[in-house]
Participant: 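One structure, pasted below without further comment.
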Amino acid sequence: MNIPSWQKTGQFDTIMVSKKDLPMVNFIFIFPFGADRDPIEKQGLTNMTGDLLLRGCKSMNRIQIEDRLDELGGSLNIYTGFHSVSIEGQILKRNFPSMIEIVQEILSASTFAESQLEDLRNETIAQLQLRLDDDQGLAKTAFNNHLFQDHVYSREIVGNAKTLHNITSDDVKEHFKKYFTLDRIKIGFSGDVSNAMIDLSILALSKSLPEKTIPDPIQPVSVQCTGKTLIFVDKPERSQTHFYIGHPTQGLQVPHAYDFLVFKTAFAGSLFQAKYMQEIRVKRGWSYGAYGSSDHRKLASTFYLYTFPKNEDTANAIETSLKLYQQAQAGTLVEQADIDFAKN
């Protein structure tokens, strides 16, 4: 068993999980801000800032960065969430110092070129356009938009066509200066790792970023759910209906969070044996898949059921889903054997 090693190294919280069977290193640097800092009229700013870090710095352009990573046999990606930005990489152990040199360069000398901004904007808008054909994604977006109303959780992390056009190169540069600091960075390593790698990473980050506190945003969450509200996204000529049924739920910080995880797995988890899957797919044959899940976020969480029956079966599937949920809440659906199976 590989035991994680937690430590406080100066101002950095670090975790290291050593696994020596392969000469590979995985690392992650997490910044404590995300799309929650985007101005309402410039949604997508944080995501765009992160993506542009890999699109050119003073010593290398985008192609040269990609070629250098290929030479080293490594990968480097930047991801934006609602409350975090992470730099994640994988590299051969012997090439780790060279990888950290790239990280240091993009953090200290990125150019945020106007041409790359325009290319990224066009690519993002094209991807958003393609998502209009994703019926499941549209249903989930409508679900979140209604549930969270004007809160950041109702928005798209990548922004939308209107807000993306509002973002300038100066906006990106200012956003980077304001939020990419040494404040509360988390560092994680796994694989064939050592304390020396952590020290090298901390040195690179300290040389690249200023010591400046990031103010916490004020994002109150007010979710009002009474009765049943139906939201429709009309997609003509479709033969299936994708639907979500859900509401706010407890977060992972409450005492019984993992009790709920076991119950949720037994009732509507991804297992074929889950009650919801058995009732919707196996017994009635209404849909190829049926499951429930939770989106746990820093400020609010949701629980939902999801399935995708044929149009002619949709009304019955919704009615049955609601009945099954009521039975699950009442404790008359999930049995002890289901709980034991979910635990295992």
Participant: Is I28 linked to L92 within one hydrophobic cluster, defined over Ile, Leu, Val, Met, Phe, Trp and Tyr using a side-chain heavy-atom separation of less than 4.5 Å?
Facilitator: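 No: no chain of side-chain contacts under 4.5 Å links I28 to L92.
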Participant: With a 4.0 Å cut-off, would you call K212 and D183 a salt bridge?
Facilitator: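 Here K212 does not pair with D183 in a salt bridge, since their nearest N and O are not under 4.0 Å apart.
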Participant: Check the hydrophobic clustering (I, L, V, M, F, W, Y; side-chain heavy atoms under 4.5 Å; chains of links allowed) and say if L72 and M24 are grouped together.
Facilitator: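 The answer is no; the residues belong to distinct hydrophobic clusters.
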Participant: Do H175 and T49 get their side chains close enough for a donor-acceptor pair, meaning under 3.5 Å?
Facilitator: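 Per modelled atom types, H175 and T49 side chains form no pair under 3.5 Å.
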Participant: Just how far is it from atom CD of Q104 to atom OG of S201, taken to the nearest 0.5 Å?
Facilitator: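 The distance works out to 10.5 Å.
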Participant: For the residue pair A257 and G251, what are the closest heavy atoms and their distance?
Facilitator: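 Nearest heavy atoms, A257 then G251: CB-O, 3.8 Å.
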Participant: Look at R121 together with D119 and state whether they make a salt bridge at an N to O cut-off of under 4.0 Å.
Facilitator: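 Looking at R121 and D119, the cut-off is not met.
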Participant: Heavy atoms only: give me the nearest G56-I65 pair and the separation to one decimal.
Facilitator: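 Smallest heavy-atom distance, with atoms named: N-CD1, 3.8 Å.
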Participant: Does any pair with a residue in residues 89-100 pass salt bridge (Lys or Arg N to Asp or Glu O under 4.0 Å), and if so which ones, sequence neighbours excluded?
Facilitator: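 Of all non-adjacent pairs touching residues 89-100, those that pass salt bridge (Lys or Arg N to Asp or Glu O under 4.0 Å) are K93-D192.
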Participant: Consider only side-chain N and O atoms of S98 and N95, and report whether a donor and an acceptor are under 3.5 Å apart.
Facilitator: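 There is no such pair (donor and acceptor under 3.5 Å, judged by atom type) between the side chains of S98 and N95.
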Participant: Looking only at atom types and distance, does a side-chain atom of R131 sit under 3.5 Å from a main-chain N or O of A126, one as donor and one as acceptor?
Facilitator: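 Absent.
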Participant: Considering the options D313, T307, T314, D135, which one meets the side-chain hydrogen bond (donor to acceptor under 3.5 Å, both in side chains) requirement together with T241?
Facilitator: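 Only one option passes, and that is T314.
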Participant: Are side-chain N/O atoms of N145 and S154 paired as donor and acceptor at under 3.5 Å?
Facilitator: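 Distance-only check fails for N145 and S154.
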Participant: Roughly how far, to the nearest 0.5 Å, is the CD1 atom of I167 from the CG atom of N47?
Facilitator: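 Output value for this atom pair is 9.0 Å.
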Participant: Are V172 and L52 side-chain neighbours, meaning at least one heavy-atom pair lies under 4.5 Å?
Facilitator: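 In contact.
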Participant: Would you indicate whether the side-chain heavy atoms of I198 and F12 approach each other to under 4.5 Å?
Facilitator: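 No. Closest side-chain heavy atoms not under 4.5 Å.
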Participant: Are L54 and I30 in one and the same hydrophobic cluster, where Ile, Leu, Val, Met, Phe, Trp and Tyr link if side-chain heavy atoms are under 4.5 Å apart?
Facilitator: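 No, separate clusters.
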Participant: Counting only N and O atoms by type, is there a donor-acceptor contact under 3.5 Å from the side chain of T265 to the main-chain atoms of K343?
Facilitator: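 Here the side-chain-to-backbone pair does not exist.
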Participant: Any side-chain heavy-atom pair from F341 and D338 closer than 4.5 angstrom?
Facilitator: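 Of all side-chain heavy-atom pairs linking D338 with F341, none is under 4.5 Å.
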Participant: With no hydrogens and no angle check, is any side-chain donor or acceptor of E118 less than 3.5 Å from a backbone partner on S115?
Facilitator: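 Not at all, since once roles are kept as given, no pair shorter than 3.5 Å links the two residues.
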Participant: Please step through salt bridge (charged side-chain N to carboxylate O under 4.0 Å, His left out) for the pair E123 and R55, ending with a clear verdict.
Facilitator: CA-CA 13 Å; E123 291 169 17; R55 293 193 174 221; 2.7 Å; yes
Participant: Salt-bridged, E279 to K275, with N to O below 4.0 Å?
Facilitator: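 Looking at E279 and K275, the cut-off is not met.
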Participant: Is it true that F82 and L299 fall in one hydrophobic cluster, defined by side-chain heavy atoms closer than 4.5 Å?
Facilitator: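 Yes: a chain of side-chain contacts under 4.5 Å links F82 to L299.
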Participant: Between R68 and E71, does any NZ, NE, NH1 or NH2 come within less than 4.0 Å of an OD or OE carboxylate oxygen?
Facilitator: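 Between R68 and E71 there is a salt bridge, with a charged N closer than 4.0 Å to a carboxylate O.
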Participant: Within the side chain of T163, is there an N or O that forms a donor-acceptor pair under 3.5 Å with the backbone of Q43?
Facilitator: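 Side chain of T163 to backbone of Q43: a pair is present.
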Participant: Could you go through N26 and Q90, starting from their C-alpha distance and side-chain angles, then the distance that decides it, and tell me whether this counts as side chain to side chain donor-acceptor pair (under 3.5 Å)?
Facilitator: CA-CA 4 Å; N26 297 277; Q90 184 181 61; 3.0 Å; yes
Participant: Flag yes if I91 and L200 sit in one hydrophobic cluster, no otherwise; membership is Ile, Leu, Val, Met, Phe, Trp, Tyr, and two members link when side-chain heavy atoms are under 4.5 Å apart.
Facilitator: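 Cluster IDs for I91 and L200 match.
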Participant: Indicate the ring-plane relationship of F27 and F189, choosing parallel, tilted or perpendicular according to the 30° and 60° boundaries.
Facilitator: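 Judged by the thresholds at 30° and 60°, the geometry between F27 and F189 is tilted.
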Participant: Are H83 and Y153 close enough that their ring centers fall under 6.0 Å?
Facilitator: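 Aromatic pair counts; centres sit under 6.0 Å.
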Participant: Does L76 reach the side chain of M99, with side-chain heavy atoms less than 4.5 Å apart?
Facilitator: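 Yes, side chains in contact.
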Participant: Using a strict threshold of under 4.0 Å (side-chain N to carboxylate O), is an ion pair present between E174 and K178?
Facilitator: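 A salt bridge is absent here (no side-chain N lies under 4.0 Å from a carboxylate O).
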Participant: For a salt bridge (charged side-chain N to carboxylate O under 4.0 Å, His left out) check, start with the C-alpha distance between E105 and K207, then their side-chain angles and the critical distance, and finish with the verdict.
Facilitator: CA-CA 10 Å; E105 179 70 10; K207 287 183 176 180; over 6 Å; no
Participant: Contact between F96 and V193 at the side-chain level, heavy atoms closer than 4.5 Å - yes or no?
Facilitator: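 No. Closest side-chain heavy atoms not under 4.5 Å.
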Participant: Would a distance-only check, ignoring hydrogens and angles, find a side-chain to backbone donor-acceptor pair under 3.5 Å from D36 to G34?
Facilitator: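 Yes, D36 side chain to G34 backbone: donor-acceptor pair under 3.5 Å.
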Participant: Could you check if a side-chain atom of V158 sits within less than 4.5 angstrom of a side-chain atom of M48, using non-hydrogen atoms only?
Facilitator: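 A side-chain contact under 4.5 Å is absent here.
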Participant: With sequence neighbours excluded, tell me which residues meet ring-ring contact (aromatic ring centres under 6.0 Å, His included) with F180.
Facilitator: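 ring-ring contact (aromatic ring centres under 6.0 Å, His included) check on F180 returns F31, F33, F176.
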Participant: Determine whether a donor-acceptor pair (N or O, by modelled atom type, separation under 3.5 Å) exists between the side chain of N344 and the backbone of D340.
Facilitator: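 Such a contact is found between N344 side chain and D340 backbone.
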Participant: Quick check against the 3.5 Å criterion: does K235 have a side-chain atom that pairs as donor or acceptor with the backbone of L132?
Facilitator: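 A pair under 3.5 Å: yes.
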Participant: Do any N or O atoms from the side chain of T168 and from the backbone of D171 form a donor-acceptor pair under 3.5 angstrom?
Facilitator: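 Judged by distance alone, yes, a pair lies under 3.5 Å.
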Participant: Mind listing the closest non-hydrogen atom pair of L209 and T181 along with its distance?
Facilitator: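 What the structure gives for the nearest pair is CD1-O, 3.9 Å.
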Participant: Using a side-chain heavy atom cutoff under 4.5 Å and only I, L, V, M, F, W and Y, what cluster partners does Y276 have?
Facilitator: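 In the cluster with Y276 are F243, I245, F260, V262, F263, F267, I280, W286, F303, L305, I318, L322, L324, Y325, L333, V334, I339.
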Participant: Report yes or no: does D295 contribute a side-chain atom to a donor-acceptor pair with the main-chain N or O of T302 at less than 3.5 Å?
Facilitator: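 Not confirmed, D295 side chain does not pair with T302 backbone.
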Participant: Do we get R281 above Y288's six-membered ring, with its NZ or CZ under 6.0 Å from the centre and within 45° of the axis?
Facilitator: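 Yes, R281 and Y288 form such a contact.
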Participant: Run the salt bridge (charged side-chain N to carboxylate O under 4.0 Å, His left out) test on D216 and R184 for me, step by step, so that the C-alpha distance in whole Å, both residues' side-chain angles and the decisive distance to 0.1 Å come before the verdict.
Facilitator: CA-CA 12 Å; D216 289 323; R184 292 171 287 162; 3.2 Å; yes
Participant: Closer than 3.5 angstrom, by distance alone: can the side chain of S287 be matched with the main-chain N or O of G289 as a donor-acceptor pair?
Facilitator: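 Between the backbone of G289 and the side chain of S287 there is a qualifying donor-acceptor contact (under 3.5 Å).
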Participant: Any salt bridge linking D134 with K140? Criterion: basic side-chain nitrogen under 4.0 Å from a carboxylate oxygen.
Facilitator: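 No, no charged N to carboxylate O under 4.0 Å.
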Participant: Please give me the minimum heavy-atom distance between S301 and Q250, naming the atom from each residue.
Facilitator: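 Looking at all heavy atoms of both residues, the shortest contact is CB-O, 3.5 Å.
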